[in-house]
There are 2 protein chains.
Amino acid sequence: MSQMQNVERQLREMILGLEIGPGEKLTERWIEGRFGASRTPVRAALLRLETEGLVGRDGRGWTVSPINLAELEQIAVYREAVEVAALRLTCTHADGNAIDVIEAMLDSCDENTAREEWHRVGMDFHIELARLSGNEFLFRGVRDAMTRLSRARWLEVRDEAALGRAWAEHRAILAATRLGDADEAARRLSAHIVGSRDRLVTSLANDRRGLRARGFAVVAA
Amino acid sequence: MSQMQNVERQLREMILGLEIGPGEKLTERWIEGRFGASRTPVRAALLRLETEGLVGRDGRGWTVSPINLAELEQIAVYREAVEVAALRLTCTHADGNAIDVIEAMLDSCDENTAREEWHRVGMDFHIELARLSGNEFLFRGVRDAMTRLSRARWLEVRDEAALGRAWAEHRAILAATRLGDADEAARRLSAHIVGSRDRLVTSLANDRRGLRARGFAVVAA
DNA sequence: GATACCAGTTTGGTATCCCAAAATGGTATC
DNA sequence: GATACCATTTTGGGATACCAAACTGGTATC
């Protein structure tokens, strides 16, 4: 694999994994040294990650995008539009086998599963469901929105009960989709997204002090 | 302005203006010479234009994205989702003054207006309307979709009557939005987008031979 | 005539160098 | 102690050099 893709992938993982905190300054030379690549692939990676919203410009330099509560709310609205559209599309040509695969993803999580894995599967559920629509642009929209939400969701304080409820909602959405009941599926997905957004923003707003203490920049709604 | 932004802007204009045809090969060295910049800004520009879907990789090299009828149909579906969501949002806080500005854009076109200008205003109408939603992500979604549709719409064979009908639809959408009638506005916008898509794809499919004769790569639906 | 093969050229990927602007840090001044 | 000022360093933007892989055109072989 080329250096360019390597730097991009590794830097993205460090940002999403919060190994580099939201709001931290980045210098091209530091990245260069950190990954043993020269500046050309480093700059290519930064340009890509900028379009993903993971890094941004801070004057002349680069910054890991802070957690922005107002932005999170906007993303949730965008996500609802594209994900519901994708799901409605999927309902028009529901494929039982494909839905089985996604349901198996949910089943793969139990009480012994690491929290990190629940997190990842929770994202992939929505991404893979959107992929079933067959529409590349709706799919990308959902995937990009989930990427932008990823760090915030990881920071969210979630209890076991909340995760269980989310999983139940996922299953209900799948069930309606399997039946091709677009209205029911859309209704449940909308509720899921809105609820998810509210819990997320509330949790982060409440924990803002703690997040700042960890050195994470959090911008208010 | 920096070279990077310069190269990006000029190259984008050449591609959107069809000065470089869909499907044409690009070499970094040619661009370098054409705009008097070195490869560093050229590379940055290509990476950016790649995310806009205007250029793509062809093996190791670069290609101006061909007109892809299947893709155009998918983009229209995506666009409908985000643009309708944006419009519904706008209807919840309709601002008469802002709508006046957009209506003035429509008024600025008359029988003496160049076709190129009609084309530009037709795009900007949708983009500016989406901006009123106040949601950055819905706005970007609409803007990016319009960018991707731009070349195809320019190639579309459209008569005066079709343009007149489009303008009437635009005005009806604005009127419903001004009244805050979200359902009516959404219904009219959906119809406008679907009709627009059908005419576009039909026109291009019919004229495929002519387009190929001009050296434009057109991929079938 | 078709094909396999080879030398020369082109091209994108990468590394490195240079520069102007911005950030930094220390110092003199009040 | 606060502040204005200046020398130094750092940093991103750009230019260029180098390389390996891909492409090209021609040639020899069958």
Side-chain angles (χ1 to χ4, degrees), chain A residues 1-16 19-66 68 212 215-217 219, chain B residues 1-16 19-66 68 212 215-217 219:
Chain A
M1 176 178 304
S2 69
Q3 283 282 41
M4 189 183 86
Q5 293 168 328
N6 239 330
V7 174
E8 182 186 339
R9 192 173 40 76
Q10 294 190 62
L11 189 54
R12 184 189 294 110
E13 275 174 21
M14 284 190 74
I15 294 173
L16 290 179
E19 295 174 55
I20 317 178
E24 262 183 63
K25 295 263 186 301
L26 286 175
T27 70
E28 296 183 354
R29 262 116 178 164
W30 179 83
I31 303 169
E32 192 181 355
R34 179 68 178 71
F35 299 111
S38 74
R39 288 181 67 203
T40 311
V42 166
R43 295 178 70 174
L46 284 170
L47 285 172
R48 284 252 166 74
L49 294 177
E50 186 185 19
T51 71
E52 292 182 39
L54 296 184
V55 303
R57 306 247 169 198
D58 171 49
R60 206 171 62 125
W62 297 95
T63 307
V64 177
S65 303
N68 183 326
R212 282 196 187 278
F216 295 162
V219 179
Chain B
M1 178 178 302
S2 68
Q3 284 281 41
M4 188 184 87
Q5 293 169 329
N6 239 331
V7 174
E8 181 186 340
R9 193 172 42 75
Q10 294 190 60
L11 189 55
R12 183 189 295 110
E13 275 173 22
M14 284 189 75
I15 293 174
L16 291 179
E19 295 174 56
I20 317 177
E24 263 182 62
K25 294 264 189 298
L26 286 175
T27 70
E28 297 184 353
R29 258 107 179 173
W30 178 84
I31 302 170
E32 192 181 357
R34 179 68 177 69
F35 298 111
S38 75
R39 288 181 66 203
T40 310
V42 166
R43 222 135 206 299
L46 284 169
L47 286 171
R48 282 255 167 71
L49 294 177
E50 185 185 21
T51 71
E52 292 182 37
L54 296 184
V55 305
R57 306 247 167 197
D58 172 48
R60 204 171 63 126
W62 297 95
T63 309
V64 177
S65 302
N68 184 326
R212 282 197 187 278
F216 296 161
V219 179

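Letters A, B, ... are given to chains in the order of the sequence lines, protein chains preceding strands, and every chain is numbered from 1.
- Closest heavy-atom contact between A/Gly23 and A/Ala217: CA-CB, 3.7 Å.
- Taking a pair to require two hydrogen-bonding distances under 3.5 Å in either a Watson-Crick or a G-U wobble arrangement, D/dG25 pairs with C/dC6.
- B/Arg9 meets the side-chain contact (heavy atoms from CB on, under 4.5 Å) test with B/Met1, B/Asn6, B/Glu13; sequence neighbours excluded.
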Donor-acceptor pairs under 3.5 angstrom involving side-chain atoms of residues 35-45 of chain B: please list them, not counting sequence neighbours.
unit_1  : atom_1 : unit_2  : atom_2 : d
B/Arg39 : NE     : B/Glu28 : OE1    : 3.2
B/Arg39 : NH2    : B/Glu28 : OE1    : 2.8
B/Arg43 : NE     : B/Glu28 : OE1    : 3.4
B/Arg43 : NE     : B/Glu28 : OE2    : 3.3

Please tabulate, for side-chain N and O atoms in residues 46-61 of chain A, each donor-acceptor pair with protein atoms closer than 3.5 Å (sequence neighbours left out).
unit_1  : atom_1 : unit_2  : atom_2 : d
A/Arg48 : NH1    : A/Glu8  : OE1    : 3.4
A/Arg48 : NH2    : B/Glu50 : OE1    : 2.6
A/Glu50 : OE1    : B/Arg48 : NH2    : 2.7
A/Thr51 : OG1    : A/Arg48 : O      : 2.8
A/Glu52 : OE1    : A/Arg12 : NE     : 3.0
A/Glu52 : OE2    : A/Arg12 : NE     : 3.4
A/Glu52 : OE2    : A/Arg12 : NH2    : 2.6
A/Asp58 : OD2    : A/Lys25 : NZ     : 3.1

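- Nucleotide C/dC18 has D/dG13 as its partner under the Watson-Crick or G-U criteria, with both atom distances under 3.5 Å.
- For the residue pair A/Phe216 and A/Gly21, the shortest heavy atom distance occurs at CE2-CA, 3.5 Å.
- Note on B/Ala37: only backbone sugar-phosphate atoms sit closer than 4.0 angstrom, heavy atoms only; bases stay farther off.
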For nucleotides 9-13 of chain C, tabulate all protein N/O to nucleotide N/O atom pairs closer than 3.5 Å, reporting atom names and distance.
unit_1 : atom_1 : unit_2  : atom_2 : d
C/dT11 : O2     : B/Arg60 : NH1    : 3.2
C/dT11 : O2     : B/Arg60 : NH2    : 2.6
C/dG12 : OP1    : B/Leu26 : O      : 3.4
C/dG12 : OP2    : B/Glu28 : N      : 3.1
C/dG12 : O3'    : B/Arg60 : O      : 3.4
C/dG12 : N7     : B/Arg29 : NH1    : 2.4
C/dG12 : N7     : B/Arg39 : NH2    : 3.4
C/dG12 : O6     : B/Arg29 : NH2    : 3.3
C/dG13 : OP1    : B/Arg57 : NH1    : 2.9
C/dG13 : OP2    : B/Arg43 : NH2    : 2.1
C/dG13 : O5'    : B/Arg43 : NH2    : 3.4
C/dG13 : N7     : B/Arg39 : NH2    : 2.9
C/dG13 : O6     : B/Arg39 : NH1    : 2.7

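- Nucleotides of DNA chain D that come within less than 4.0 Å of any heavy atom of chain B span, from the 5' end to the 3' end, D/dG14 to D/dA22.
- Nearest-nucleotide assignment on DNA chain C puts the 5′-proximal partner with A/Gly36, out of A/Gly59 and A/Gly36.
- In this structure, the side-chain contact (heavy atoms from CB on, under 4.5 Å) partners of B/Arg34, at least two apart in sequence or on a different chain, are B/Met14, B/Trp30.
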